[in-house]
Amino acid sequence: MKKRILTGLQASGTLHIGNYFGALKPLVDLTEQDGNEVFLMVADYHALTSVRDGELLRRYTYEVVKDYLAVGVDPEKVTLFRQSDNLYHMELGWILNCLVTVPFLMQAHSYKDKVAKGLEANAGLFTYPMLMAADIVLYDIDVVPVGEDQRQHLEYTREAVTKFNNAYGDILKEPKELIVSGVGIVPGIDGQKMSKSYKNIIPLFGSPEEIHKAVMSIVTDSSGERPMNVFNIHTVVNSALGREASYLEDLYTTHTGKYKALKDALSSDIETLIAPMREKRAAITDETVREILAKGAKKAQTEAAKKMEVVRQAIGIQL
Ligand code: ATP
Ligand code: MG
């Protein structure tokens, strides 16, 4: 059945392999299924919760779009746009913020995790789930491919939809998350969730040397024979290369206790997966990025305007 799909990534740093496996690859796969209507957003206003340098945000925006294109997002099939190019996101975000309570938002894991990691508890970070809800419901989205860390935010989106519809009528659509099993939480080099803002990433498009360096610094404990942090990442990469799980089992059995050899193998497998995409990426110019975003902005605005006309009428903003 034809579905509307959307996902978004923050322009808050260098994309990593967790972003690829958790959100981008599922989106690309869904685009290939007939009839699906796909939206892909650069969440630049979300990125303001952690980036406070205009030049950097601009740079990240170009980089993120190049990453999208390099992993196989087809701008002819996908509406690829920046959140900031469609101000309805801000407007609907505010409307939804007025429907949920502070104690409700205080329970958001992602907020608590980020603050625990030392990120500033700014109000934008706190109300992030309602801006994210707006991102989704503006386009009548059915399915949102995300990592496990976003599961609760999708619940928050549905809660906002319920609150809105109870108050104003059946206007907003409830979306569902799509969390691909096995790639919901790709661990970072410290074993925690890999995150742009946690400085524990394996960069998706790092140079072979950068990727190798990151893999070599994966934290391993000296107790076991199998370095689980390495193995867990390797499992995801192995499967993306189309190999059986038994291939990895054999490799880790043959190299029991030999952490360096296993890390070398992981680094080389990531390289095999990434190299063709990296080559494609090098040919994408800033000009191409601007052209694609301009086209995406128009389509996103047109789609969202239809929804917002109904929303504005219902809440009493339209006179
Ligand atoms: P930040 O630290 O700024 O929050 P992030 O690395 O968490 O960055 P986001 O832009 O917040 O990335 O998330 C983009 C998408 O990537 C989301 O769907 C999120 O669930 C997914 N994602 C992020 N990290 C992982 C991970 N380690 N494993 C699987 N999916 C992930
Ligand atoms: Mg995140």
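Just the heavy atoms: all of them, side chains too, but no hydrogens, waters or symmetry mates, feed the values below. Each ligand, and each atom within it, is numbered from 1 in the order the structure gives.
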**Item:** Partner residues of Val289 under the side chain to side chain contact (heavy atoms under 4.5 Å, CB included) criterion, sequence neighbours left out
**Value:** Tyr62, Val65, Lys66, Ile284, Leu293
**Request:** Look up atom CZ in Phe81 and atom CZ in Phe39, then write down how far apart they are to the nearest 0.5 Å.
**Result:** 7.5 Å
**Message:** Taking non-hydrogen atoms within less than 4.0 Å of ligand 1, which protein residues qualify?
**Reply:** Gly8, Leu9, Gln10, Ser12, His16, Gly18, Asn19, Gly22, Ala23, Lys114, Val146, Gly147, Asp149, Gln150, Val183, Gly184, Ile185, Val186, Lys193, Met194, Ser195, Lys196, Ser197
**Request:** Output every pair passing ring pair (Phe, Tyr, Trp, His ring centres under 6.0 Å) with a member in residues 293-319, not counting sequence neighbours, ordered by first then second residue.
**Result:** none
**Prompt:** Can you find a side-chain donor-acceptor pair between Lys299 and Thr79 that sits under 3.5 Å?
**Reply:** yes
**Asked** Looking only at side chains, do Tyr68 and Glu63 share a donor and an acceptor under 3.5 Å apart?
**Response** no
**Request:** Check which hydrophobic residues are tied to Met216 through side-chain heavy-atom contacts below 4.5 Å, counting indirect links as well, and list them.
**Result:** none
